[in-house]
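Quick notes on the structure that follows.
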There are 2 protein chains.
Amino acid sequence: MKRIAENTINRLIVYKKELERLRKDDVRNVFSHKLAFLSGFPSHLVRRDLMNVGYNGSPAHGYDVVELEKCIADFLCTPGSVRVILIGVGNLGRAILDYCQQQNHKISMVAAFDSDKNKVNKVYHGIYTFHIDSIKNFIKENDIKVAIITVPASDAQEIASALVESGVRGIVNFTPARLQLNEEVYIENLDMMLGLEKVVYFVDGG
Amino acid sequence: MKRIAENTINRLIVYKKELERLRKDDVRNVFSHKLAFLSGFPSHLVRRDLMNVGYNGSPAHGYDVVELEKCIADFLCTPGSVRVILIGVGNLGRAILDYCQQQNHKISMVAAFDSDKNKVNKVYHGIYTFHIDSIKNFIKENDIKVAIITVPASDAQEIASALVESGVRGIVNFTPARLQLNEEVYIENLDMMLGLEKVVYFVDGG
DNA sequence: TTTGAATTGTGAAAAAAATCACAATGCAAA
DNA sequence: TTTGCATTGTGATTTTTTTCACAATTCAAA
């Protein structure tokens with residue numbers, strides 16, 4: 001099986017989301033141009049990407065919304081349900097917990113962790129908060145593979161190392177710290193300032 | 001002037017941040033391998049990128065931390081100060097306001113906006129919140145070019161259109177909505193679920 | 001001075017990604 | 001039926017990005 005580029009994966013995730021929206025609006029079929037318009041990518045790239053996932057549309061009716069959504073979901077291997085935990089119930093952490101609750105994704109947030117006694121044993125946006133000390137056991141017992149880090153930058157490396165040691169294989173890192181980890185671990189850095197800097201660059205320079 | 005790829009810009013922003021950190025630790029010089037290690041990219045890519053910004057190091061001492069940081073900052077055109085506003089003082093909005101305060105960037109958050117009467121005229125993390133109705137005037141009077149959107153997805157398109165109409169040229173969009181705008185406007189989509197989905201994919205599939 | 005070791009900068013090659021362009025398809029209307 | 005049209009799927013091409021590999025550089029030590 002051919003390795004798929006990260007950019008392709010990004011786009012597929014966007015297509016999937018747009019397809020989900022179309023499905024909810026009871027739209028049955030969609031053409032590559034329409035999907036391209038909705039996602040913000042050129043239509044030939046849409047077709048090329050769908051070639052990668054192996055879905056075939058028809059020249060007459062385009063793509064079947066439901067089938068294509070399912071096909072992409074299968075391709076992305078989002079199986080029954082993926083359990084995710086979040087570490088750091090600060091402003092941002094709570095925002096994300098809230099955000100997760102709103103979505104009916106196959107990704108389910110199962111627990112939050114914090115070191116602050118005032119937050120431990122409380123429920124935020126439907127998610128129970130445990131003390132950070134119990135995290136290693138939790139990960140092992142529940143076979144958690146993916147975690148979201150929203151702690152202060154200074155704590156990020158230590159937490160991340162502990163996560164990986166316990167079995168976590170993928171991390172969404174919302175802190176500005178660059179994590180140094182075993183390279184089998186997939187890290188998605190989402191430093192919000194970075195996005196802002198990029199916009200500033202493209203607005204007045206590029 | 002040659003057009004620089006978006007990925008290159010992403011990396012340059014990361015290098016700049018690492019250089020800033022090194023500078024604060026009073027490190028004077030850095031080699032491409034070290035900078036590569038800190039940023040998480042291969043060293044030959046670091047060298048290639050620095051070639052793009054036109055900075056020359058020395059084989060004996062590598063790169064001068066202070067000079068290189070300045071060189072990248074100039075290249076990225078982060079001038080004296082860029083004024084940014086934020087729309088939507090919810091969980092996420094407040095998290096970002098907090099985050100901005102912590103950084104001593106050349107990017108300065110100058111105002112927040114919301115439609116909720118309970119939030120208007122209050123100060124969050126040092127930033128004053130105005131009513132959304134005053135946003136068009138504010139943008140024009142203060143010549144705001146960049147905005148961050150953290151409103152509910154259903155309001156995003158309307159707000160974004162109003163921003164662009166008033167003169168905004170770049171938007172950091174934290175909502176899951178795909179904004180349809182004039183294509184001269186630079187949009188950075190930071191849908192947090194998308195990052196999570198990507199990690200899930202690379203952990204159990206790719 | 002001379003040698004050796006480490007590093008930079010960059011042409012050239014390779015790999016990857018995006019775009020083009022068009023044959024093949026399937027429907028609708030004449 | 002037949003014609004015409006809009007669309008898909010995909011080889012081929014182009015462009016972009018990354019990687020390789022090594023000459024040139026600089027310093028320290030002999």
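All chains are named by letter (A, B, ...) in the order of the sequence lines, taking the proteins before the strands, and each is independently numbered beginning at 1. Being a predicted model, the structure only gives us computed values, none of them experimental.
Between A:I127 and the options A:I96, A:I85, A:D98, A:L97, a side-chain contact (heavy atoms from CB on, under 4.5 Å) holds for only A:L97. The side-chain contact (heavy atoms from CB on, under 4.5 Å) test with A:Y201 is passed by exactly one of B:V82, B:I4, B:N10: B:I4.
Computed from coordinates, the A:Y63 OH to D:dA6 P distance equals 17 Å when rounded to whole Å. Regarding B:N7, its CG atom lies at a distance of 11 Å from the C1' atom of D:dT16, rounded to whole Å. Distance, A:L45 CG to D:dT16 P: 15 Å, rounded to whole Å. Rounded to whole angstrom, the span from the CG atom of A:L50 across to the P atom of D:dT10 amounts to 11 Å. Going from atom CD1 of B:I9 over to atom C1' of D:dT16 covers 15 Å, rounded to whole Å. If you take CG of A:N29 and P of D:dT8, they are 11 Å apart, rounded to a whole angstrom. The distance from atom CG of A:D64 to atom P of D:dT8 is 13 Å, rounded to the nearest whole Å. When rounded to the nearest whole Å, the span between CZ of B:F31 and P of C:dG9 equals 12 Å.
Toward the 5′ end of DNA chain C lies the nearest nucleotide of B:G62, the other residue of the pair B:G62 and A:P42 mapping further downstream.
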Only pairs under 3.5 Å count here: list side-chain donor-acceptor contacts from residues 27-40 of chain B, not counting sequence neighbours, and write none if there are none.
{"from": "B:S32", "atom 1": "OG", "to": "B:R47", "atom 2": "NH1", "distance (Å)": "3.3"}
{"from": "B:S39", "atom 1": "OG", "to": "B:L35", "atom 2": "O", "distance (Å)": "2.5"}

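Residue pairs meeting the salt bridge (charged side-chain N to carboxylate O under 4.0 Å, His left out) criterion with at least one partner in residues 52-72 of chain B, sequence neighbours excluded, are B:R23-B:E69, B:K70-B:D74. Applying the salt bridge (charged side-chain N to carboxylate O under 4.0 Å, His left out) rule to pairs touching residues 147-176 of chain A yields A:K136-A:E165, sequence neighbours excluded.
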Collect all protein-nucleotide pairs involving nucleotides 10-16 of chain C in which both atoms are nitrogen or oxygen and the distance is under 3.5 Å.
{"from": "C:dG11", "atom 1": "O6", "to": "B:R48", "atom 2": "NH2", "distance (Å)": "2.6"}
{"from": "C:dA12", "atom 1": "N6", "to": "B:R48", "atom 2": "NH2", "distance (Å)": "2.9"}

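Residues satisfying the ring pair (Phe, Tyr, Trp, His ring centres under 6.0 Å) criterion with A:F174, sequence neighbours excluded, are absent altogether. In this structure A:S134 satisfies the side-chain contact (heavy atoms from CB on, under 4.5 Å) test together with A:F113, A:F130, sequence neighbours excluded. Residues satisfying the ring pair (Phe, Tyr, Trp, His ring centres under 6.0 Å) criterion with B:F41, sequence neighbours excluded, are absent altogether. By the side-chain hydrogen bond (donor to acceptor under 3.5 Å, both in side chains) test, B:Y63 pairs with no residue at all, sequence neighbours left out.
No engagement by B:T8 is indicated, since no non-hydrogen atom pair under 4.0 Å with the nucleic acid exists.
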For nucleotides 24-30 of chain D, 5' to 3', base contacts (B), sugar-phosphate-only contacts (S) and non-contacts (-) with protein non-hydrogen atoms under 4.0 Å give -BSS---

